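Each remark here refers to the structure printed beneath this line.
Residue numbers start from 1 in every chain, and the chains themselves are labelled A, B, ... in the order their sequence lines are given, proteins ahead of strands. Note that these values count all heavy atoms, side chains included, but never hydrogens, waters or copies made by symmetry. Since this is a predicted model, take the numbers as computed values, not measurements.
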Amino acid sequence: MKGFNQLNKAFESRVRLGVMSVLMVNDWVSYSEMKELLSLTDGNLASHITALDKLNYIEIEKKFVGKKPQTSYKATKLGKTEFEKHIDGLEKLLINNK
Amino acid sequence: MTETNKHLEDLTQIRTMMERSSRFLSLSGLSGVFAGIYAIIGASIVYFSDTYSNFISGHYSIEGQKNKLFLLIGIAAFVLFASLVTGYLFTSRKAKKQGLKIWDKSAKLMMSSLFVPLITGGFICLMMLNMGNFGLVAPFTLIFYGLGLFNASKFSFIELKYLGLSEIILGLIAIIDYGYGLLYWAIGFGLLHIFYGTLMYLKYEKDKA
């Protein structure tokens with residue numbers, strides 16, 4: 001099926017889809033902001049973040065804001081290109097199935 | 001077929017998350033409508049008090065008129081305050097309905113892009129009042145408010161862009177048609193707010209509550 005080979009297994013989970021969508025339109029987004037936007041619990045988000053980081057789709061930055069540690073994320077160029085391909089694939093599949 | 005539905009849901013999810021994380025969509029159109037009504041009431045009070053006849057020429061002598069000037073600034077400040085409070089109430093109500101926090105990343109982005117031009121303009125207007133140059137205050141408030149809205153529309157509804165442009169154009173006309181500041185104020189902060197507020201309410205809120 002046309003478009004099918006463009007789908008990326010890494011984006012099959014809803015959480016990863018959400019994380020990437022947010023990072024496509026925002027530069028650095030902190031962990032707490034991400035959690036709030038996606039209405040998620042701690043454990044759930046962390047594992048998906050790790051997976052995306054392993055693929056080099058996102059960048060992670062840790063710093064201190066006052067005394068509190070804060071972790072922020074940003075999509076890499078590779079991550080953005082791969083995600084665009086994935087969206088493109090989804091669209092093609094939908095058009096062909098109409 | 002379920003496969004297709006999943007893809008469609010994925011795309012919808014992507015779109016929702018992109019919008020929700022970058023645009024402040026809890027802003028309620030009703031806040032605009034009420035701000036407009038307050039502005040028109042405020043402008044009418046000023047118009048029907050004898051203060052205005054002295055003010056219209058733009059050559060307002062400060063001696064002996066200070067109390068009346070304070071009345072004008074007082075009414076303007078009260079209109080602004082009432083608009084902000086009502087706006088906050090309607091917007092937080094809408095955010096609650098949408099299950100969103102009112103003070104999120106997009107709200108911060110929107111507010112900073114609105115208030116940088118607004119505070120700059122406010123400072124210039126205060127300086128002009130201080131120097132006794134009253135005629136340009138009304139056009140300048142409209143222009144800087146318009147610039148702020150135009151800027152903030154990147155992080156909220158597209159209607160804010162058109163409202164901003166309308167305010168800027170109105171402010172420029174008010175400079176050319178010098179001396180009718182109050183009238184342009186009433187149009188810009190009153191009628192335009194009511195018009196765009198109603199438009200936004202009908203488009204985004206009615207039937208979706």
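- With a 4.5 angstrom heavy-atom cutoff, A:Phe83 touches chain B only via side-chain atoms.
- Across A:Ser39 and B:Arg20, no two heavy atoms sit closer than the pair OG-NH1, 4.3 Å.
- Other residues, nucleotides and ligands contribute only 12 or fewer heavy atoms inside 6.0 Å of the NZ atom of B:Lys96.
- Partner of B:Asp10 under the side-chain contact (heavy atoms from CB on, under 4.5 Å) criterion, out of A:Leu90, A:Leu94, A:Leu7, A:Ile87: A:Leu90 alone.
- Atom CD in B:Gln13 sits 6.0 Å away from atom CG in A:Leu17 (nearest 0.5 Å).
- For B:Glu9, the parts sitting under 4.5 Å from any heavy atom of chain A are the backbone and the side chain alike.
- Considering all non-hydrogen atoms of both residues, A:Arg14 and B:Lys6 come closest at NH2-O, 3.9 Å.
- Of the two parts of A:Glu36, only the side chain, counted from C-beta on, holds a non-hydrogen atom closer than 4.5 Å to a non-hydrogen atom of chain B.
- Chain B forms the most heavy-atom pairs under 4.5 Å with one residue out of A:Val29, A:Leu23, A:Leu38, A:Leu37, and that residue is A:Leu37.
- Here the closest heavy-atom approach between residue A:Met24 and residue B:Met18 is recorded as CB-CE, 3.6 Å.
- Between the side chains of B:Ser21 and A:Asn26, at least one donor-acceptor pair of N or O atoms lies under 3.5 Å.
- Chosen from B:Leu8, B:Thr16, B:Leu109, the residue pairing most often with chain A at heavy-atom distances under 4.5 Å is B:Leu8.
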